[in-house]
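Here's the structure we're looking at; comments come further down.
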Amino acid sequence: YTLADGSLTYFDEPVLSVGPDGRTVLHPSGNVSRVGGGPAWALPDSAGCDGYLSLAYAWSPDGGQLAYAPACLTDDETPEMERVLYVVETATGEVLWQQALPTAMAPVGWSPAGDELLLQNNPGGLPDGWSIWRLAAGGEQPLEKVVDQALFLEVVPQWGE
């Protein structure tokens, strides 16, 4: 529902999340749609999962990029030893960059300026328990642990950098 004009937008599948700019929609299948029409596209490595597609994602503050680390979870398979983090342009679906991550890592947020990605690890995958990590938004620097024994809740843009 659009407040400005009272119009309704319908989608062919359920909506998991709407981008911060309100123009892009993420579906549980890994498909991405444009509100108001336009080409839809699929997130990298989201098709062909025989089990449950785990959607670990984080929108950039302006909605122009989406960080995504896919995982296909099944009852009878051992998890892979690493995941791939993709950063895609939401207008086109173009992969801007990608980087291998440990299996236990997943994107959870962006810094308010959009220059860093924040990641959380799962204590089942790494020996030191829950931690928050960061990565330059271009992927050109290695992962850096920011906080030990902590859970990521949310970025509050008003707090700044």
Side-chain angles (χ1 to χ4, degrees), residues 11 13-35 38-47 49 51-73 79-126 128-161:
F11 298 97
E13 54 183 309
V15 173
L16 177 65
S17 180
V18 178
D21 61 2
R23 293 185 281 177
T24 311
V25 173
L26 175 62
H27 304 282
S29 66
N31 290 330
V32 177
S33 298
R34 303 285 298 162
V35 174
W41 48 273
L43 290 171
D45 288 346
S46 64
C49 177
Y52 170 74
L53 180 62
S54 172
L55 295 173
Y57 67 91
W59 297 97
S60 65
D62 65 0
Q65 298 177 50
L66 181 64
Y68 173 70
C72 184
L73 307 175
E80 297 174 10
M81 291 312 294
E82 67 179 33
R83 292 173 95 162
V84 177
L85 171 69
Y86 296 94
V87 175
V88 296
E89 182 179 9
T90 57
T92 63
E94 175 189 354
V95 176
L96 299 174
W97 60 275
Q98 66 188 61
Q99 179 173 328
L101 293 175
T103 300
M105 288 280 178
V108 291
W110 292 69
S111 63
D115 58 346
E116 291 181 323
L117 273 166
L118 301 172
L119 300 104
Q120 179 85 52
N121 72 295
N122 177 328
L126 294 176
D128 57 353
W130 292 100
S131 298
I132 300 170
W133 300 69
R134 70 177 164 198
L135 180 65
E140 62 274 349
Q141 296 172 352
L143 281 167
E144 176 187 359
K145 187 184 292 186
V146 178
V147 181
D148 242 346
Q149 302 300 317
L151 290 171
F152 176 83
L153 298 178
E154 182 177 2
V155 170
V156 179
Q158 293 81 355
W159 290 351
E161 294 284 331

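In what follows, every heavy atom counts, from backbone to side chain, and hydrogens, waters and symmetry copies are set aside.
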By side chain to side chain contact (heavy atoms under 4.5 Å, CB included) - contacts of [X] (at least two apart):
X	answer
Thr24	Asp21, Val32, Arg34, Trp59, Thr90
Gln99	Trp97, Leu135
Asp45	Pro70, Tyr86
Ala136	Glu140, Gln141

Exercise. Can you name the residues that form a salt bridge (charged side-chain N to carboxylate O under 4.0 Å, His left out) with Glu144, not counting sequence neighbours?
Worked result: Arg134

For this session: Test Leu43 against Tyr57 for side-chain contact (heavy atoms from CB on, under 4.5 Å), laying out the working first.
Result: CA-CA 10 Å; Leu43 290 171; Tyr57 67 91; 5.8 Å; no

Work out which heavy atom in [X] is nearest to a heavy atom in [Y]; give both atom names and the distance.
X	Y	result
Asn121	Ser131	OD1-N, 2.6 Å
Leu55	Pro28	CD1-O, 3.1 Å
Pro20	Pro61	CB-O, 3.5 Å
His27	Pro14	ND1-O, 2.7 Å
Ala71	Arg83	CB-NH2, 3.3 Å
Leu85	Pro107	CD1-CG, 3.9 Å

For this session: Please identify each residue that fulfils side chain to side chain donor-acceptor pair (under 3.5 Å) with Glu13, with sequence neighbours left out.
Result: Ser29, Asn31

For this session: For Ser54, check side chain to side chain donor-acceptor pair (under 3.5 Å) against everything at least two apart and list the hits.
Result: none

Problem set entry | Close side-chain approach of Ile132 to Gln120, heavy-atom, < 4.5 Å | yes

For this session: Begin from the C-alpha positions of Trp110 and Val87 and carry the test side-chain contact (heavy atoms from CB on, under 4.5 Å) through to its verdict.
Result: CA-CA 12 Å; Trp110 292 69; Val87 175; 4.1 Å; yes

Seminar exercise, completed: Distance col, row Gln65:CD vs Leu117:CG, nearest 0.5 angstrom, shows 8.5 Å

